[in-house]
Amino acid sequence: MKRTLVLNCPVDLCNSETAFEGLNLALRENRNFHIITINPEMIMNAQKNRGFFEILNNSDLNIPDGVGVKIALRMKGIRQNQIRGVDFSRSLLKMASEMDLRVGFLGAKEEVVIKAKENFLKKLPNLNFCYTRNGYFDSIDDIIEEIKISQPQILLVGLGSPKQEEVIVKLKEVLKGCVFVGVGGSFDVFSGYTKESPLIFQKLGLEWLYRTVLEPKRLKRIFPVLPIFIIKCIINTIVKGRKN
């Protein structure tokens, strides 16, 4: 699978089909497989957080999520479709249901993660849940033993970035043959507590705008990160162009 760099952070040039080929191979070989749905906020955080930068560089798959990453790739002459994290997770759980894989949810508020589980079981009644827990704990050491006992093969972790990625790195030390995906706030969407953006916003890559209108507090998180990310990518493209 081809990789490129966006502000020195690796982004995989893949589609859902090639992503599933990679994780299925890992499952067959009983290997851990860490998937990151990478977005501009993560890339910008990695510029100042060396530990997080190392996590991005050592993951198994960095799926391009977010219109900002798509724009950055276009600047490099790469036409890459955005892979929405929520859609990828839905497809992953559908596969887990068909293959009878053990599934775990970790993150969000108790009522949110439980409702997300219930909603999936309505659509996929054969989904084999082995672990469900909210994201409120003082240390990963407090829950590591119960996760070891449950032995999930698919674990969705929704703790926000970079905490979810840092937790996954620790869990990789005690689990084997597990596909880990950091899902951010996806449990809120799966539970129905957060309304999913209309299809037209998804196609135009404007989900961030829709969610910001519904949740104005997100504005502080997105700005000035997104504009600075785009400006840095433009400068990087110009500098590399001059060198060539």
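Position 1 is the first residue of the sequence, and the numbers go up from there. For clarity, every value in this text was computed on a predicted model and none was experimentally measured.
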How about Ser59 and Ile35: do any of their side-chain heavy atoms sit closer than 4.5 Å?
no
Electrostatic pair Glu166:Lys170 at N-O distance under 4.0 angstrom:
no
Check side-chain hydrogen bond (donor to acceptor under 3.5 Å, both in side chains) between Glu41 and all other residues, then give those that pass, not counting sequence neighbours.
Arg221
Look only at the side chain of Asn32 and the backbone of Cys178, and say whether a donor-acceptor pair between them is shorter than 3.5 Å.
yes
Approximate separation, where rounding is to 0.5 Å, of Glu165 CD and Met42 CE
4.0 Å
Shortest non-hydrogen pair, Arg133 vs Phe137, comes out as NH1-CD2, 3.8 Å
Test item: side-chain donor near acceptor, Asp142 and Ser139, under 3.5 Å:
no
Strictly distance-based, threshold 3.5 Å: is any side-chain N or O of Gln202 a donor or acceptor partner for the main-chain N or O of Ser197?
yes
Apply side-chain contact (heavy atoms from CB on, under 4.5 Å) to Ile38 and Ile43, showing your working.
CA-CA 7 Å; Ile38 195 167; Ile43 293 173; 3.8 Å; yes
Measuring only between side-chain heavy atoms, which start at C-beta, is Leu5 closer than 4.5 Å to Pro10?
yes
Shared hydrophobic cluster for Met95 and Tyr131 (ILVMFWY, side-chain gaps under 4.5 Å):
no
Quick one: salt bridge (charged side-chain N to carboxylate O under 4.0 Å, His left out) pairs with a partner in residues 94-107, sequence neighbours left out?
Lys94-Glu98
Is Ile149 linked to Ile143 within one hydrophobic cluster, defined over Ile, Leu, Val, Met, Phe, Trp and Tyr using a side-chain heavy-atom separation of less than 4.5 Å?
no
Sequence neighbours left out, cut at 3.5 Å: what donor-acceptor pairs do the side chains of residues 106-128 make with other protein atoms?
{"residue": "Glu110", "atom": "OE1", "partner": "Asn134", "partner atom": "ND2", "Å": "2.8"}
{"residue": "Asn119", "atom": "ND2", "partner": "Phe190", "partner atom": "O", "Å": "2.9"}
{"residue": "Asn119", "atom": "ND2", "partner": "Ser191", "partner atom": "O", "Å": "3.1"}

Check whether Phe187 and Val181 end up in the same hydrophobic cluster, where Ile, Leu, Val, Met, Phe, Trp and Tyr are linked by side-chain heavy atoms less than 4.5 Å apart.
yes
Under 6.0 Å from the CG atom of Asn30, do we count more than 12 heavy atoms belonging to anything else shown?
yes
Value for CG (Leu23) from CG (Asp60), rounded to nearest 0.5 Å, stands at 10.0 Å
Can you get from Leu25 to Leu27 by hopping between Ile, Leu, Val, Met, Phe, Trp and Tyr side chains that sit under 4.5 Å apart?
no
ring-ring contact (aromatic ring centres under 6.0 Å, His included) contacts touching residues 77-104 (sequence neighbours left out):
Phe20-Phe88
Return yes if some donor-acceptor pair links the side-chain N/O of Ser89 with the main-chain N/O of Val86 below 3.5 Å, else return no.
no
Give, for atom CD1 of Ile147 and atom CD1 of Ile144, the distance between the pair rounded to the nearest 0.5 Å.
7.0 Å
Using a 3.5 Å distance criterion without hydrogens, assess whether the side chain of Gln47 forms a donor-acceptor pair with backbone atoms of Leu7.
yes
Ignoring hydrogens, what is the shortest heavy-atom contact between Cys9 and Ala46? Give both atom names and the distance.
SG-CB, 3.7 Å
Search all heavy atoms of Asp65 against all heavy atoms of Gly85 and return the closest pair with its distance.
OD2-N, 3.6 Å
Please say which of Val169, Val167, Asn45 ends up in a side chain to side chain contact (heavy atoms under 4.5 Å, CB included) with Pro162.
Asn45
Point-to-point distance, once rounded to the nearest 0.5 Å, from CD1 of Ile140 to NZ of Lys163
8.5 Å
So which pairs with a foot in residues 32-71 pass ring-ring contact (aromatic ring centres under 6.0 Å, His included), sequence neighbours left out?
none
Backbone N/O of Ala26 and side chain of Glu29: donor-acceptor pair under 3.5 Å
no
Which heavy atom of Gly182 sits nearest a heavy atom of Ile168, and at what distance?
N-CD1, 3.8 Å
Locate the shortest heavy-atom distance separating Thr18 from Asn15; write the atom from each residue and the value.
N-OD1, 2.8 Å
CD1 on Ile36 to CG on Asn62, rounded to 0.5 Å:
5.0 Å
Sole residue of Leu175, Leu156, Ile154 in side chain to side chain contact (heavy atoms under 4.5 Å, CB included) with Phe180:
Leu175
Measure across Cys14 and Ile83 and return the closest heavy-atom pair with its distance rounded to 0.1 Å.
O-CD1, 3.5 Å
Only pairs at least two apart or in different chains count here, so list each salt bridge (charged side-chain N to carboxylate O under 4.0 Å, His left out) that has a residue in residues 68-85.
Arg84-Asp87, Arg84-Glu196, Arg84-Glu207
Does Phe105 share a hydrophobic cluster with Leu92, counting links as ILVMFWY side-chain heavy atoms below 4.5 Å and allowing steps through other members?
yes
Does the side-chain contact (heavy atoms from CB on, under 4.5 Å) test come out yes or no for Val6 and Leu73, once each step is laid out?
CA-CA 7 Å; Val6 174; Leu73 292 175; 3.9 Å; yes
Straight-line distance of Cys233 SG to Met75 CE, nearest 0.5 Å
5.5 Å
